[in-house]
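See structure below.
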Amino acid sequence: MLINGETEVYGIFGYPVKHSKSPVFQNPAFSFYNLNSVYIPFEVEPSRLEEGIKSLKVLNIKGINITIPHKEEAIKYLDELSDEVKYIKAVNTVKNMDGYLIGYNTDAYGFITGLKEIEKDLIEKKILIIGAGGASRGVIYSLIKEGVNKIFLANRTLERAKKIVEDFKTLNRFIEDIIKIIPQKDIGKFINEADIIVNTTPVGLKEGDPWLFDYNLLKEKHTVVDIVYKKTPLIEIAIKKGCKWQDGYPMLLYQGAKSFEIWTGKKAPIDIMKKALGLS
Ligand code: ATR
């Protein structure tokens, strides 16, 4: 990579950002097209996010990804929001068009594209989603857009699940029939009925985290997705039971691919990005 006076700058805002894998696979994608562009990590303190985002205009930074903990807060400082952001209420991609900042959420696309690699036909599937935060909203948005018509939504705090149903009424007017809210303690009762189980909570990331339900209830017929990058106990048991399974890497790959396409207008070189992530 040759940096010169015309190099265009992209990057990621996070706090912390050191562990981000995005620079690892975005830079090879730029190189694939011989673009004079570079993608770098920016550690932005939460209290300085507004300044950080305004600096995109000053420094003519062409595009950024936004990661934890800034995804919700960043919305406030953008000039325009893509439609999905209005439902998901979190932004992970910003495009700077001559000083006009447009926010997108490519996590939803990333999730559904990853899931379709292991589940071709989703329409008739019953999907159990655990968690009702920003990640869950992205997952639900993508499934509703795909035409899924049965979702069980479990969360520790029921109010947050109810708020999602309320907010999604304008996306699909049958949303109250599609999403059945269940208390976290009742998840076990719905496992057998579900085809696909998706964990969107951080539970399982830390050693010794409690189980979200009795994972021994999993059967070979289930497809299990955990959107974190690590093999959580949920995934480990799914593997043992012979389930189809997926961790967070496909979602990471495809959200990044979509961001690349939004910024450059070029088809993301998926194989190059996959290889850089160590997925192929
Ligand atoms: P994200 O944007 O990654 O989704 P978030 O908005 O903080 O992050 O949401 C985290 C989700 O994980 C929430 O559904 C949260 O449950 P609550 O709404 O009840 O807070 C869930 N979560 C976090 N820690 C949890 C735990 N120990 N047990 C169960 N659910 C948990």
Side-chain angles (χ1 to χ4, degrees), residues 12-17 19-22 44 46 49 65-76 81 84-94 103-112 114-115 127-144 151-168 179-191 197-215 217 224-230 232-235 246-252 254-256 259:
I12 180 163
F13 281 13
Y15 191 83
V17 80
H19 306 292
S20 170
K21 298 184 189 333
S22 294
V44 180
L49 182 64
N65 283 128
I66 296 192
T67 189
I68 293 166
H70 301 313
K71 288 187 184 189
E72 283 92 11
E73 183 73 11
I75 288 177
K76 287 190 202 158
L81 302 172
E84 74 282 356
V85 175
K86 293 169 194 159
Y87 291 99
I88 302 170
K89 294 193 159 71
V91 59
N92 78 323
T93 303
V94 175
Y104 300 83
N105 185 306
T106 69
D107 287 331
Y109 170 88
F111 171 78
I112 204 78
L115 180 59
I127 306 181
L128 168 67
I129 298 170
I130 308 169
S136 170
R137 281 175 174 264
V139 165
I140 294 171
Y141 178 88
S142 70
L143 292 171
I144 297 294
I151 291 173
F152 302 118
L153 177 57
N155 198 42
R156 188 176 56 178
T157 314
L158 281 181
E159 285 313 310
R160 281 185 97 185
K162 286 184 193 156
K163 184 74 169 63
I164 295 182
V165 173
E166 191 58 38
D167 289 350
F168 279 47
I179 301 183
K180 180 180 169 60
I181 296 174
I182 59 175
Q184 184 162 318
K185 64 173 175 43
D186 289 348
I187 294 176
K189 295 183 195 157
F190 291 86
I191 295 297
I197 297 153
V198 184
N199 175 33
T200 71
T201 77
V203 176
L205 257 179
K206 284 197 295 295
E207 195 99 1
D209 271 353
W211 284 9
L212 291 156
F213 61 93
D214 180 1
Y215 300 157
L217 294 170
V224 181
V225 183
D226 202 323
I227 66 166
V228 301
Y229 308 146
K230 174 184 152 176
T232 55
L234 171 63
I235 291 295
Q246 190 164 76
D247 58 24
Y249 277 101
M251 180 172 173
L252 172 72
Y254 290 114
Q255 63 77 35
S259 299

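All ligand and atom numbering here is 1-based and tracks the order in the structure. Throughout, residue positions are numbered sequentially from 1 according to the sequence presented. Remember, it's a predicted structure, so these values are computed and weren't measured experimentally.
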Can you give me a line-by-line list of nitrogen or oxygen pairs between ligand 1 and the protein shorter than 3.5 Å?
from, atom 1, to, atom 2, distance (Å)
ligand 1, 2 (O), Gly134, N, 3.3
ligand 1, 4 (O), Gly134, N, 3.1
ligand 1, 4 (O), Ala135, N, 2.9
ligand 1, 6 (O), Gly134, N, 3.3
ligand 1, 6 (O), Arg160, NH2, 3.1
ligand 1, 14 (O), Ala132, N, 2.8
ligand 1, 14 (O), Asn155, OD1, 2.7
ligand 1, 16 (O), Asn155, OD1, 3.3
ligand 1, 18 (O), Asn155, ND2, 2.8
ligand 1, 18 (O), Arg160, NH1, 2.9
ligand 1, 19 (O), Arg156, NE, 3.0
ligand 1, 19 (O), Thr157, N, 3.1
ligand 1, 19 (O), Thr157, OG1, 2.4
ligand 1, 20 (O), Arg156, NH2, 2.8
ligand 1, 27 (N), Arg156, NH1, 3.4

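- A donor-acceptor contact shorter than 3.5 Å links the side chain of Asn105 to the backbone of Ala90.
- Here Lys162 pairs with Glu159 in a salt bridge; the nearest charged N to carboxylate O distance falls below 4.0 Å.
- The backbone N or O of Arg156 lies less than 3.5 Å from a partner atom in the side chain of Gln184, making a donor-acceptor pair.
- In terms of the side-chain contact (heavy atoms from CB on, under 4.5 Å) criterion, residue partners of Ala135 (sequence neighbours excluded) are, by chain and number, Thr200, Ile227.
- Between Tyr109 and Phe111, the distance separating the two ring centers is not shorter than 6.0 angstrom.
- The main-chain N or O of Leu205 is found under 3.5 Å from a side-chain atom of Lys230 such that the two form a donor-acceptor pair.
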